[in-house]
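This is a predicted model, so every value here is computed, not measured.
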Amino acid sequence: MRILGLDTATSATTAAFLDTEAGIEVAARDDPPPGVRPRHTTELIALLVDVLGRAGAEWSDVDRIAIGVGPGTFTGLRIGVATGRALARAHGIAAVGISTLQSLALGASAAAPAGVVLPVLDARRGEVFAAAWSTPSSAGGPWRPLLEPLAVAPERLAELAPGLGENRLAIGDGSLAFRAVLERSGTVIPEDDSELHRVSAINHCRLAGVLSPPDRDGIRPHYLRLPDAELARRASQPT
């Protein structure tokens with residue numbers, strides 16, 4: 001199967017191509033420097049074209065598009081999901097919505113065999129997006145969800161963490177932003193420069209290869225909470 005993947009849930013824009021039969025994996029990403037806004041609008045299509053070109057593939061070769069559905073930033077998710085759905089429709093390709101948190105967990109599963117992976121993304125406003133899975137003890141073994149995706153204060157996540165099980169590994173930019181809080185719960189967090197903290201669309205492709213695609217128009221962003229503008233509007237209304 002030949003799968004094209006994309007994710008815009010975080011500040012990074014990431015794309016990848018996976019050919020499961022030929023063993024081809026190509027990935028690309030754009031990480032804006034600190035203080036620079038995400039460049040999803042300008043970079044996403046360019047990255048998708050880049051990975052296809054480096055893989056020697058055409059749009060007609062793609063069997064499936066793996067679209068990251070978050071949770072993540074409101075604007076980023078809207079851009080990524082809309083782009084992925086439009087490309088799938090234009091080229092007649094099946095599409096699969098992929099949890100950004102589960103993809104992040106998959107990338108760290110080898111570092112936590114028979115343990116718990118806790119992907120954590122910085123949700124801003126003093127919150128994180130998080131979920132947890134128990135990792136399989138052997139290749140191809142079952143994954144068991146331990147914590148459904150939620151938006152939560154890091155202090156509350158630290159309270160929940162011990163109940164998820166032992167050998168916990170937290171990854172993602174949220175685990176770095178709130179390292180001290182989460183480490184006090186006994187959760188291990190890799191060094192700041194570890195690749196485990198970075199969302200990669202190649203893991204979207206791997207997950208998409210084993211999932212059944214829904215109607216592409218049924219793929220929706222997983223926001224988990226209202227956008228900042230709506231929250232500000234509600235806060236300004238008199239009670």
Heavy atoms, side chains only, cut-off 4.5 Å: are S175 and L118 in contact?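 S175 vs L118: side chains apart.
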Non-hydrogen atoms of [X] and [Y] that approach each other most closely:
X    : Y    : answer
G70  : A9   : CA-CB, 4.0 Å
A95  : A88  : CB-CB, 4.0 Å
A16  : C205 : O-SG, 3.8 Å
L157 : V152 : CB-CG1, 4.0 Å
L196 : P190 : CD1-CG, 4.0 Å
A55  : I24  : CB-CG2, 4.1 Å

- Query: Is it true that L106 and V69 fall in one hydrophobic cluster, defined by side-chain heavy atoms closer than 4.5 Å?
  - Reply: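 Cluster IDs for L106 and V69 differ.
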Single-linkage hydrophobic cluster, 4.5 Å side-chain cutoff, L104 and L211 together:
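They do share one cluster, since a chain of ILVMFWY contacts under 4.5 Å joins L104 to L211.
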Report task. Answer with yes or no whether the side chains of T75 and T73 bring together a donor and an acceptor at under 3.5 Å. Result ->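 No, no side-chain donor-acceptor contact under 3.5 Å.
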message = I need the full list of ring pair (Phe, Tyr, Trp, His ring centres under 6.0 Å) pairs touching residues 79-125, with sequence neighbours left out, sorted by first then second residue.
response =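 Counting only pairs at least two positions apart or across chains, the ring pair (Phe, Tyr, Trp, His ring centres under 6.0 Å) contacts touching residues 79-125 are W59-H91.
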Margin query: Strictly distance-based, threshold 3.5 Å: is any side-chain N or O of D63 a donor or acceptor partner for the main-chain N or O of R2?
Written below: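 Indeed, once roles are kept as given, a pair shorter than 3.5 Å links the two residues.
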